[in-house]
Structure formats: structure tokens, C-alpha cells
Number of protein chains: 2
Amino acid sequence: MRSSHLITRNSGVAVWRQIADQIRGDISAGKMASGVRMPPEVELATRFSVNRHTIRSAIAALTKEGVLRAEQGRGTFVANAKKLTYRIGERTRFSEILSTQVRETKGVLLGSSLEEPTAEVASALGMHSGMVIRIDTMHTADNNPISCATSWFDAARVPNIIEDYRATGSVTAAFKRAGIDDYLRQSTIIGARHADAEDLRHLKLSPGAIVIVATAVNVDMDGRPVEYATTHFSADRMEIAIGRQSSL
Amino acid sequence: MRSSHLITRNSGVAVWRQIADQIRGDISAGKMASGVRMPPEVELATRFSVNRHTIRSAIAALTKEGVLRAEQGRGTFVANAKKLTYRIGERTRFSEILSTQVRETKGVLLGSSLEEPTAEVASALGMHSGMVIRIDTMHTADNNPISCATSWFDAARVPNIIEDYRATGSVTAAFKRAGIDDYLRQSTIIGARHADAEDLRHLKLSPGAIVIVATAVNVDMDGRPVEYATTHFSADRMEIAIGRQSSL
DNA sequence: TAACATTTGTCCGTATGTATA
DNA sequence: GTATACATACGGACAAATGTT
């Protein structure tokens with residue numbers, strides 16, 4: 001399809017990192033299945049037209065990330081596997097979406113605060129006065145970190161959301177305790193950027209990694225906004241799907 | 001909100017490039033309006049905790065990209081502007097989506113071929129036999145490149161798609177000529193990755209840049225697939241929206 | 001067992017790029 | 001602009017582990 005082993009020099013991005021990014025991309029795009037043996041270092045070196053040591057730097061970085069696994073005398077193998085798919089629709093529930101793809105999902109509360117809403121947050125939540133509760137969370141699938149999020153709620157509407165989330169590890173469950181039995185996804189805006197320092201720490205990524213940023217508004221059954229959230233997904237572990245069915 | 005002027009060292013990404021990426025991101029996120037004067041170099045240097053020479057390297061790179069504009073004796077100014085929003089729904093038409101945000105959009109045919117479909121393409125188009133036509137296209141908004149795409153079509157269904165696209169610069173218009181008056185977006189899968197060499201060339205990006213990859217299936221009014229396409233958007237110039245209305 | 005090819009791991013030195021003072 | 005320290009990339013040589021003949 002679309003594969004060019006081209007390296008740009010003097011670009012501020014080290015050659016070993018460009019190669020590592022390309023290999024990681026190929027793996028997470030499914031071009032090399034889990035457990036498959038990589039071509040030997042010398043072959044990769046000629047393919048990318050670089051020194052073997054440069055290939056070794058790239059492999060070392062990917063080994064540290066857990067994407068590859070090198071064995072002396074035998075070769076280097078693909079350790080990681082396929083991407084998860086996060087399907088966005090009217091009913092978007094984190095654990096439900098992934099339940100068919102992984103054994104277990106978990107949500108952890110990283111921090112929280114009661115704060116004055118910014119114009120953006122107030123507008124998204126349709127608020128004219130009052131405070132908002134902000135919670136920072138991190139989510140894992142089968143104990144692999146896949147996303148971290150910041151959510152804002154109207155403090156008057158769900159005053160106990162912090163405690164409820166900590167107890168349940170789920171916004172859906174926390175909403176139920178606050179009397180919000182159901183809610184719908186009103187809008188989602190999707191972008192992508194380099195992972196920042198926080199992303200690197202929470203998602204266990206290495207610098208230069210990419211995160212998909214989804215900014216969403218959830219509304220109750222009367223159409224009133226109840227949650228405004230931005231979620232950062234590791235682009236190597238997750239893709240977003242829209243529409244009725246997968247085409248792949 | 002979420003802004004850390006944090007730099008990761010020894011990551012394979014030069015500090016000047018990390019700073020350039022961050023400034024470019026801030027600009028396209030709308031944090032600095034078009035035409036605004038940048039803070040002086042010394043201030044940026046203290047803000048990022050780096051040497052002034054390093055800031056100069058970052059600014060030089062962004063000037064070369066056209067994101068900033070340096071004026072003799074006056075200072076450095078933001079040349080570029082806000083992100084465009086690509087709203088995905090049942091009726092997704094490239095030029096219609098952007099018509100309210102830009103003056104003019106254009107589609108250019110980069111290349112085309114008649115080929116044996118891969119399993120992925122055949123499955124997406126619901127084909128069991130026959131050849132597919134592949135076209136590579138590039139799209140601009142007000143003469144700025146914002147996306148490039150590869151599309152596949154059933155050759156038996158739209159045999160003249162290449163000529164028709166070249167003449168009209170639009171899939172919608174080319175479909176009309178083939179008797180397909182209307183079509184709907186069935187599914188979209190969204191991911192993000194580093195720009196490859198082709199992306200860099202077509203979208204005029206610099207290495208390390210990020211592209212949003214949207215893989216879509218369009219169906220005719222009878223629900224039969226008519227187009228399978230993967231589009232690469234520059235993540236700095238575009239974001240994807242889903243749902244009824246923007247929340248921002 | 002032994003010899004051999006293959007592949008990863010480690011060491012040397014050298015030139016250039018990056019970042020600081 | 002100059003000087004210094006470190007990261008990056010290259011070239012070569014050899015050691016260590018593995019599998020095969």
C-alpha cells in the first residue's frame with residue numbers, strides 16, 4: 001500500500017527515532033503480526049540506508065517501549081499486538097466498547113478539584129454561574145494504559161462525583177448514584193498531537209509518541225449537558241471508529 | 001488547561017524541534033491569533049528553560065514552514081491561523097464541509113492505476129472478482145494543502161472515474177457523471193501517526209509532523225459500497241468532528 | 001562432538017549536530 | 001562569535017548465543 005523507507009536528515013528528529021516510529025507504525029497497523037521475527041539488523045540497515053548501529057538504537061528504543069523483544073543469536077521479535085477500536089456513537093460507554101476486545105477495563109482517579117469554569121467549559125456545560133468539578137482519570141485495558149482524561153461536571157448537579165468515581169471507577173456508575181440513569185454523546189471533536197509530559201507518564205509512552213485527543217460533550221435524556229471531557233488515547237494502541245459497522 | 005512547557009531531553013527529538021512543535025500546536029489550537037506578535041526570544045528562553053540559541057533554531061524552523069513571519073526590526077509574528085473542522089456525518093462531502101470555513105477548495109489528481117484489489121479493499125467494496133481503480137488525490141483549502149487521499153472504486157461500476165475526477169476535481173461530481181447521484185458515509189475509522197515521506201511532500205510538512213488517518217466507506221442509496229478511501233489530514237491544520245453540533 | 005553460518009551484543013575511534021555558557 | 005560538553009551517526013572488529021550441518 002503505502003510504505004516508504006525514507007529518512008529525513010538534519011530535521012531535528014534523530015534518524016533512529018524516525019526508524020523506530022516507522023517500525024512501530026507498521027506493527028500497530030498490522031503489517032507484522034505478534035511474535036513474528038523481524039528482519040536481521042544488517043538487512044534493516046541496508047533497507048533504510050543507515051548504519052547497523054542506528055538500527056540498533058531504534059530497536060533499543062522499541063524494546064524499552066515493549067514493542068519488540070531481542071534475543072541474542074535468535075533474532076528480534078514483535079512483542080506487541082493489534083490496536084483496539086473505540087467506537088463512538090450516541091451511546092458511548094468506555095467499558096462496554098472495549099468489553100468484546102479485552103478481558104478487563106479499569107478506571108483510576110488521578111486527581112480532582114473544585115474550580116471556577118473557564119469560558120470554554122462553562123459554554124460546553126451550558127452554565128452561567130457556579131463551580132465545576134474536575135476529575136483527572138486514567139484507564140487501562142487488561143492492565144495496559146490506553147487513555148487518560150480530564151472531565152468537568154456541574155458541581156451543583158453531581159456534587160459527589162469524585163467519591164462516586166473513586167468507588168466505582170466508572171462515570172456511568174457514578175452518574176447512576178447521582179440519579180442520572182442514562183446519557184448520550186452529543187458531540188465529539190477529534191484531533192491528534194504529540195504526547196506531552198503528562199501523557200508520557202500516564203500512558204507509559206516514549207517522547208515523540210502520538211495521542212489522539214477526543215473532546216466530548218455528554219447530555220442527559222433531556223438534552224442538558226452533564227459532562228465535558230477531553231480524553232487522550234495512545235494512537236499506537238487505539239483507533240476511533242464512527243458509523244454502523246467496521247469495514248475491516 | 002493542559003499546557004506544560006516541558007522538554008524531554010535525549011529522546012531522539014531535538015529540543016528546538018520540540019519547542020517548534022509546541023508553538024505550532026499552540027497556534028493552530030487558537031491560543032495565539034493570526035498576526036499576533038510573539039514574545040521576545042529571551043522571554044521564550046526562560047519560559048522553556050533553554051538557551052536563547054535554541055529558541056532561535058525553533059523560530060527559524062517555523063519561519064521556514066510559514067507558520068511564523070519575521071520582520072526586520074519589528075519582531076516575529078504569527079502568520080498562520082486556526083484549525084479547520086472536518087465534520088463527519090451521514091452526508092460527508094469534502095467541499096461542502098469546508099465551504100463555510102474557507103473561500104475555495106480544490107482537489108488534484110496525483111496518480112491513478114487499475115489494480116487487483118487486496119483482500120482489505122475487496123472486502124470493503126464487497127467485491128468477489130474484478131479489478132479496482134485506485135486514485136491518489138491531494139486537497140487544498142485556499143491553496144493550503146490540508147489532506148491527501150487514496151481511494152479505491154469497483155472498476156466495473158465507475159470505469160471513467162479517473163477522467164471524471166481529473167475534469168471535476170471532486171468525487172461527488174465524478175460520481176454524478178457515472179450515474180451515482182447520491183451516496184452516504186457508512187463508516188469511518190480514525191487513527192493518527194507520524195507523517196511518512198509522501199505526506200511530508202504533499203502536505204508540505206516537516207518530519208515528526210502528525211497526520212490524522214481516516215479510513216472510510218461510502219455506499220450508494222441501496223447500501224452498496226462505491227468507494228473505499230484513506231485520507232491523511234495534517235493534524236496541525238485540521239480536526240475531525242462528530243455529532244450534531246460543535247461544543248466550542 | 002566439532003565446525004560453521006547467522007544474528008545479536010559490546011568495544012574502539014572519528015566526524016558532525018545539538019545545547020549551553 | 002567562541003569554547004565546551006554531550007548526543008548522534010558512521011565504520012570496523014570481535015565476542016556471545018543460537019541453530020544447523
Side-chain angles (χ1 to χ4, degrees), chain A residues 4-24 26-27 32-80 194 197 200 205-209, chain B residues 4-24 38-65 68 70 72 76 194 197 200 206-209:
Chain A
S4 41
H5 295 289
L6 281 183
I7 297 300
T8 321
R9 287 172 193 265
N10 304 333
S11 62
V13 183
V15 173
W16 65 263
R17 172 145 297 285
Q18 295 183 51
I19 293 172
D21 289 342
Q22 207 155 309
I23 292 176
R24 196 203 300 105
D26 285 352
I27 289 172
M32 337 189 79
S34 185
V36 161
R37 214 195 88 154
M38 294 286 295
E41 293 171 350
V42 270
E43 191 186 321
L44 288 174
T46 45
R47 190 185 298 182
F48 283 98
S49 306
V50 296
N51 192 276
R52 174 171 163 250
H53 294 300
T54 309
I55 293 289
R56 284 185 60 75
S57 298
I59 290 177
L62 292 173
T63 302
K64 206 173 169 188
E65 279 182 48
V67 175
L68 295 179
R69 167 178 41 85
E71 290 179 33
Q72 186 167 10
R74 302 220 314 135
T76 307
F77 302 85
V78 177
N80 215 344
H194 288 104
L200 298 184
L205 298 171
S206 54
Chain B
S4 38
H5 292 288
L6 281 183
I7 298 300
T8 322
R9 288 168 194 267
N10 304 337
S11 62
V13 183
V15 174
W16 64 263
R17 171 145 295 285
Q18 296 183 52
I19 293 172
D21 289 342
Q22 207 155 310
I23 292 176
R24 196 202 302 105
M38 294 289 294
E41 290 172 5
V42 271
E43 190 186 320
L44 288 174
T46 44
R47 188 184 300 180
F48 284 98
S49 309
V50 295
N51 193 276
R52 178 171 157 266
H53 294 303
T54 308
I55 292 290
R56 286 185 61 77
S57 299
I59 289 178
L62 291 173
T63 304
K64 206 173 171 187
E65 276 182 51
L68 296 180
Q72 188 76 258
T76 310
H194 288 100
L200 298 184
S206 49

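Treat the numbers as computed from the prediction; the structure is a model and nothing was measured. Chain letters run A, B, ... following the sequence lines, proteins first, then strands; residues in each count from 1. What's counted below: heavy atoms across the whole structure, side chains too, no hydrogens, waters or symmetry copies.
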Minimum-distance pair of heavy atoms, taken over all atoms of A:W16 and A:A61: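 What the structure gives for the nearest pair is CZ3-CB, 3.7 Å.
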Taking all heavy atoms of B:S11 and all of A:R17, pick out the closest pair and write down the distance.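 Result for this residue pair: O-NE, 2.6 Å.
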Side chains of A:I19 and A:I7 in contact at under 4.5 Å (non-hydrogen atoms):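 Yes, side chains in contact.
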State, with a plain yes or no, whether a side-chain heavy atom of A:Q18 is found less than 4.5 Å away from one of A:D21.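 No - every pair of side-chain heavy atoms lies 4.5 Å or more apart.
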To the nearest Å, how far apart are [X] [atom1] and [N] [atom2]?
X: A:R9; N: C:dG17; atom1: CZ; atom2: C1'; result: 12 Å
X: B:R17; N: C:dA19; atom1: CZ; atom2: P; result: 11 Å
X: A:E43; N: C:dT7; atom1: CD; atom2: P; result: 8 Å
X: A:L44; N: C:dT7; atom1: CG; atom2: P; result: 11 Å
X: B:N51; N: C:dA19; atom1: CG; atom2: C1'; result: 7 Å
X: B:I55; N: C:dT18; atom1: CD1; atom2: C1'; result: 14 Å

Distance check: side-chain N/O of A:R74 vs OP1/OP2 of C:dT6, anything under 4.0 Å?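 Looking at the OP1 and OP2 atoms of C:dT6, neither is under 4.0 Å from any side-chain N or O of A:R74.
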Nearest heavy atom decides the nucleotide; on that basis, is A:V13 or A:G73 closer to the 5' end of DNA chain D?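 Looking at DNA chain D, the more 5' nearest nucleotide goes with A:V13.
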Pick the closest DNA chain D nucleotide for B:H53 and for A:V50 by heavy atoms, then say which residue is nearer the 5' end.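 Upstream on the strand: B:H53.
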Over all strands shown, is [X] touching base, sugar-phosphate only, or nothing at heavy-atom distances under 4.0 angstrom?
X: A:R56; value: base
X: B:N10; value: sugar-phosphate
X: A:S57; value: nothing

Do the side chain of A:R52 and the base of C:dG9 come within less than 3.5 angstrom through a donor-acceptor pair of N or O atoms?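 Per atom types, the contact qualifies.
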Can you tell me the pairing partner of C:dG13 across any strand shown, Watson-Crick or G-U wobble, with both distances under 3.5 angstrom?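 Matched C:dG13 with D:dC10 under the 3.5 Å cut-off.
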Outermost DNA chain D nucleotides near chain B [under 4.0 Å, heavy atoms]: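 That gives a stretch of D:dG1 to D:dT8.
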For DNA chain C, whose closest nucleotide is more 5', that of A:G12 or that of A:G75?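 The residue closer to the strand's 5' end, by nearest nucleotide, is A:G75.
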Residue mapping more 5' on DNA chain C - nearest nucleotide basis, B:W16 or A:T76: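 Its nearest nucleotide being more 5', the pick is A:T76.
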Is a side-chain donor or acceptor of B:R9 paired with a backbone partner of B:V15 at a separation under 3.5 angstrom?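 The answer is no, because no donor-acceptor pair under 3.5 Å joins these two groups.
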So, the side chain of A:R37 versus the backbone of A:R74: is there a donor-acceptor pair under 3.5 Å, distance only?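 Yes; judged by distance alone, with no hydrogens or angles, the pair exists.
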Check the pair B:T63 / B:I59 against side chain to side chain contact (heavy atoms under 4.5 Å, CB included), numbers first and verdict last. CA-CA 6 Å; B:T63 304; B:I59 289 178; 3.9 Å; yes
